Amino acid sequence: MRAFQRLYSGLVIDNFGFLSIFSSFLNFALTAVIFVFVIYYREPIVKEEKFSVIKTQEFYTQCDNYFFKKADGLFDKKNVRLWKIQEGKDGYVKTSDVNHLILFVVPEASSLEIYQPFLYKLARDGFVVYAAEVSLKGEKLFSGIYNLKFNRRFFSRYLKFRKPEKYAELCKEKESDRITKCSVLLDIVNPTVEETVHFVFDDETSVMQAVHEKYLMPWDTVFDLSSVEAYKTAGYGPIENTDPVICKIMNISSDKSFYISSHLATALEKLVYYYHE
């Protein structure tokens, strides 16, 4: 900008050749295009204050076998990123006589942020929500650099979008890892007998059945978001509410009203209240 001002003012202390002028205007044009792209495809801001909830985030590291402890050290590997979301305001959590716990391990092709309005809606309606991203030691979803933690989500999405049959086969092969991740979250939360546990899944019916049979009490419930008819992006999360770029790639209309997130939460709440009220 300073060079542009000197050029506009006709100062002779700088020598502006054709290539210099051309590259400056080209950079300016590219910057303008990127600015418009960022503004147009920006992710909606989901504020805790708007939903009257309080979110806390903790990290856990995996020790021997499947024992996990809080990642307090600077160099501790963060195998679990856990959100706890509760109804509250001004930093104070609202207490309830009955605690219905929502437990959710995010699928590989998505992230916690994608489900944020869905999780906030549940917390606003009185549920205590525990949602986590879990990465087990030695977990091999892909091979080589594709299996690196920061690459796994991108390639999971790509494979699910481009080759859904192959992705389904991969998920079936790694089903035991998904079940283990659910048990890890259950161990970390460690619910009491006075609390009911409601596990949420997204396009993982067989995993849901296995978790319910192996880990949950008879009065606990499980729910697969893919069972909601209006939900068209099963396994990715409610991306039309939170990820405009992926919506564009998948040719899905973006919706910043959070309708589908609210609709999914309502469907789950109806199931819980049907069995527990």
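Computed over heavy atoms, backbone and side chain alike; hydrogens, waters and symmetry mates excluded. Note that the structure is a prediction, hence the values are computed from the model and not measured.
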Visitor: So Ile252 and Lys232, side chain to side chain contact (heavy atoms under 4.5 Å, CB included) or not? Walk me through it.
Guide: CA-CA 9 Å; Ile252 296 173; Lys232 304 301 182 183; 5.9 Å; no
Visitor: Can you sort out the partners of Thr61 under side-chain hydrogen bond (donor to acceptor under 3.5 Å, both in side chains), two or more places apart, ordered by chain and number?
Guide: none
Visitor: Go through Lys69 and Asp76 one step at a time and tell me if the side chain to side chain contact (heavy atoms under 4.5 Å, CB included) criterion holds.
Guide: CA-CA 10 Å; Lys69 70 178 185 69; Asp76 285 347; 3.6 Å; yes
Visitor: Among Ser227, Cys182, Pro107, which one satisfies side chain to side chain contact (heavy atoms under 4.5 Å, CB included) with Phe201?
Guide: Cys182
Visitor: State plainly whether the residues Lys181 and Asp177 are in salt-bridge range, i.e. N to O under 4.0 Å.
Guide: no
Visitor: Ignoring hydrogens and geometry beyond distance, is a side-chain donor-acceptor pair present between Glu175 and Ser206 at under 3.5 Å?
Guide: yes
Visitor: For a quick check under 3.5 Å, do Glu269 and Tyr273 share a side-chain donor-acceptor pair by atom type?
Guide: no
Visitor: Tell me whether the rings of Phe104 and Phe118 are parallel (<30°), tilted (30 to 60°) or perpendicular (>60°).
Guide: perpendicular
Visitor: For the residue pair Phe258 and Phe51, categorise the inter-ring angle as parallel (less than 30°), tilted (30 to 60°) or perpendicular (more than 60°).
Guide: tilted
Visitor: Describe, in one word, how the ring planes of Phe37 and Tyr41 are oriented to each other, choosing from parallel (under 30°), tilted (30 to 60°) and perpendicular (over 60°).
Guide: tilted
Visitor: Given side chain to side chain contact (heavy atoms under 4.5 Å, CB included), test Phe223 with Val272 step by step and report yes or no.
Guide: CA-CA 9 Å; Phe223 184 73; Val272 173; over 6 Å; no
Visitor: Are any of the side-chain nitrogens in Glu113 or Lys55 under 4.0 Å away from the carboxylate oxygens of its partner?
Guide: no
Visitor: Hey, is Glu108 close enough to Lys174 for a salt bridge, meaning N to O under 4.0 Å?
Guide: no
Visitor: Does the cation-pi check pass for Lys160 over Tyr236, that is, NZ or CZ under 6.0 Å from the six-membered ring centre and within 45° of its axis?
Guide: yes
Visitor: Between Lys84 and Glu58, is there a side-chain N and carboxylate O pair less than 4.0 Å apart?
Guide: no
